[in-house]
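Each remark here refers to the structure printed beneath this line.
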Amino acid sequence: SLKSDFEQLELKGYDFSNLFLEGEIVNGKGDIDFNFKDENLNVKTNTKVDLDSLNSKIGLNLNLIGADLYALDVTREDIKVALKMNADFTGSPEDFALKAKLSEGIAIYENEQYQMGDVDLTTRIGKTETDVTIKSNFLNGLLKSNTAPDKLITALQRQFKNYFETTQGSDTIPDPIKLEVDMALTPVPILTNVFLRGVERLDSVNLKADFDAVTKNLNAKLYMPSLTYNGSSVDSLNVSVNGNATDLSFSAGLSDLVSDPFHIKKTYFEGNLKNKELLLDFVSYDNEEKLVHIASEMALENDTVKLHINPSELVLNKKEWSIPQDNRIFIGEKLLNFENVILSREAQELRLSNTLAGIEKEHIGVTFDNFKVQTFLSLFNPDEALASGLVEGKFVIENPFEAAGIVANFTINTLEVMQNPLGTLSLDAASKGQGNYDFNLALKDGGVDVDLKGDYAAAENGAKLNLDLDMNKLELKVL
């Protein structure tokens, strides 16, 4: 038997000493009552248990008579809720059935009452079954498979891995694993007016997917027509994946994204995999004109991703740029190497390298020559420059995957941020040996005059900083 009598019980600063817990379990069978009541929370629960190593039965009856979510420090808004829940669990952690029902849900906000409607959840998990179904007035859907979750995940991982690798023993007949997903989210007042108040507009969101391990057909599609949240908006967001035994294609795109000061217009990212090579294409438009276009090819070799940027039609900030044909990028665990990655246009140049002169330690470096900041930033707002200026010099990260340190000598001349002249930004950083570095950052000759000087010791769990900040001048027009 069990019976509680708390003189003091505090959780996250809240007094729960009124908690009443009483129960009796004999030979794995019994009842447990869990009740609490004060001025902010009134809840009663009864749990019936019949415990068994192979087939346990647990029944939960919960009555949340009332809860002040603001007083309980759950929400920042004054929201009060109530609901009932009944749930039944049968089985073991590896093989079980669960049925749950939420009913009589209600929320009160700004003296307005919002009904939730019933929510029914049915789940069946076993060695030959994964079945989850939810029904409500805001979320409806299902996820069904004829195998356990871990085997389903393994089958999906194998599918994607086989696209890039030459499979040994490919004549082996795979398990006949199938998957079906169909979900739909529909906005209702209790969501948009109470719990997600920042949502000004939300159309129905739909997700559908299916997979067959034998035929190796894979299809998935996500579509959200529009969303406006706290003044930010996304229009026509869509993602799709289609694959078979040898080929894979995917696309992701949106018509418009606004989050002041950012404004990304029609943008698409597509990929097509053939002959173990993934052809990638990224394009963003300013109305009908190409703002950015980068095509590339990607392959996987011994857990290392090999990426090649296609020189053809390389566009940055509406201008054609050049890159050597034999450029390569290698990405892996504790690996990021560059070969001949040099972006150039007329007098501008940006180079990524692991072999910069004068740097003996393993490093990732970037050098700038008369490089315009807006070249990349125009993607995020083609109508108004987020920042502008000319970059000269180098920026290097030594020991990038261990105790990283910075070696730098670069400036950004005539720096402007949101059309506010800030002057010249300079960074001088040098290694003093034994993992110690000098650091000197300055912003001069504009609306701000600031110095950040000192040194630091590099460490894998975070650098130990010794820096002094001097704010010499800050003009109000910059703010």
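Hydrogens, waters and symmetry mates play no part in the numbers below; they use all other heavy atoms, side chains included. As the structure is a computational prediction, the values presented were derived from the model and not from experiment.
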Distance-only donor-acceptor check, side chains T355 and S353, under 3.5 Å
yes

Could you check F138 against V119 for side-chain contact (heavy atoms from CB on, under 4.5 Å), going step by step and ending with a plain yes or no?
CA-CA 9 Å; F138 62 92; V119 179; 4.0 Å; yes

Short N-O contact, K144 and E180, less than 4.0 angstrom:
no

Does atom CD (E320) have a neighbourhood of more than 12 heavy atoms from anything else shown, all under 6.0 Å?
no

Checking V234, T267, L237 against L257 for side-chain contact (heavy atoms from CB on, under 4.5 Å), the one that qualifies is V234

Close side-chain approach of L425 and T411, heavy atoms under 4.5 Å:
no

Contact summary for V373 and I412, nearest pair of heavy atoms
CG2-CG2, 4.1 Å

Would you indicate whether K135, at its atom NZ, is surrounded by more than 12 heavy atoms from other residues, nucleotides or ligands within a distance under 6.0 Å?
no

Do F160 and L218 have side-chain heavy atoms sitting under 4.5 Å apart?
yes

Greater than 12 external heavy atoms within 6.0 Å of N230's CG
yes

Consider side-chain contact (heavy atoms from CB on, under 4.5 Å). Of N162, N272, V241, N242, which one does L248 pass it with?
V241

Roughly how far, to the nearest 0.5 Å, is CG of D303 from CZ of F164?
12.5 Å

Could you tell me whether K432 atom NZ has more than 12 heavy atoms of other residues or ligands within 6.0 Å of it?
yes

Begin from the C-alpha positions of Y14 and N40 and carry the test side-chain contact (heavy atoms from CB on, under 4.5 Å) through to its verdict.
CA-CA 11 Å; Y14 194 87; N40 300 316; 3.0 Å; yes

Rounded distance (nearest 0.5 Å) linking atom OG of S284 with atom NZ of K290:
11.5 Å

Taking the side chain as everything from C-beta on, heavy atoms only, tell me whether S426 gets closer than 4.5 Å to L441.
no

Which atom of F338 lies closest to which atom of L352, heavy atoms considered
CB-O, 3.5 Å

Of all the heavy-atom pairs spanning N399 and A403, show the shortest one and how long it is.
CB-O, 3.6 Å

Rounded to the nearest 0.5 Å, how far does CD of E270 lie from OG of S240?
8.5 Å

Hey, what do you get for CD (E94) to NZ (K127), rounding to the nearest 0.5 Å?
9.0 Å

Knowing that exactly one of D449, N472, L415, L452 qualifies, which makes a side-chain contact (heavy atoms from CB on, under 4.5 Å) with L443?
L415

Set out, in order, the CA-CA distance, both residues' side-chain angles and the distance that settles side-chain contact (heavy atoms from CB on, under 4.5 Å) for D78 and D68, then state yes or no.
CA-CA 7 Å; D78 185 8; D68 186 331; 3.9 Å; yes

Tell me, yes or no, whether the heavy-atom count around F250 atom CZ, taken from other residues, nucleotides or ligands under 6.0 Å, exceeds 12.
yes

Before giving the answer on salt bridge (Lys or Arg N to Asp or Glu O under 4.0 Å), spell out for D247 and K274 the whole-Å C-alpha distance, their side-chain angles and the decisive distance to 0.1 Å.
CA-CA 5 Å; D247 299 333; K274 293 182 182 296; 3.5 Å; yes

Heavy-atom count around K444 NZ within 6.0 Å, excluding the residue itself: above 12?
yes

Quick one about N217 and N244 (side-chain donor to acceptor, distance below 3.5 Å, no hydrogens or angles considered), yes or no?
no

Could you tell me whether Y437 and F439 have their ring centroids closer than 6.0 angstrom?
no

Which heavy atom of N317 sits nearest a heavy atom of V292, and at what distance?
N-CG2, 4.4 Å

Taking atom CG of L254 and atom CG of L227, what is their separation to the nearest 0.5 Å?
12.0 Å

Less than 4.5 Å apart, side chain to side chain, heavy atoms only: is that true for N193 and Y109?
no

Under the side-chain contact (heavy atoms from CB on, under 4.5 Å) rule, what do I359 and V407 come out as? Steps first, then yes or no, please.
CA-CA 9 Å; I359 308 294; V407 174; 4.1 Å; yes

Lys/Arg cation over aromatic F401: K334, 6.0 Å, 45° cone
no

Any side-chain donor near an acceptor of the partner, D455 and N466, under 3.5 Å:
yes

Quick one: are the ring centres of F371 and F376 less than 6.0 Å apart?
yes

Counting C-beta onward and ignoring hydrogens, is there a side-chain heavy-atom pair between Y114 and M116 closer than 4.5 Å?
no

The test is salt bridge (Lys or Arg N to Asp or Glu O under 4.0 Å); show your working for D203 and R201 and say whether it passes.
CA-CA 7 Å; D203 293 334; R201 177 180 177 181; 3.5 Å; yes

Does a donor on one side chain sit under 3.5 Å from an acceptor on the other, for N310 and S312?
no

With rounding to the nearest 0.5 Å, note down the distance linking NE2 in H308 to CD in E297.
5.5 Å

Tell me the closest heavy-atom pair linking M183 and L142, and the distance in Å.
SD-N, 3.6 Å

Minimum-distance pair of heavy atoms, taken over all atoms of P225 and D235
O-OD1, 3.1 Å

Greater than 12 external heavy atoms within 6.0 Å of Q434's CD:
no

Please check if atom NZ in K473 has more than 12 non-hydrogen atoms from other residues, nucleotides or ligands closer than 6.0 Å.
yes

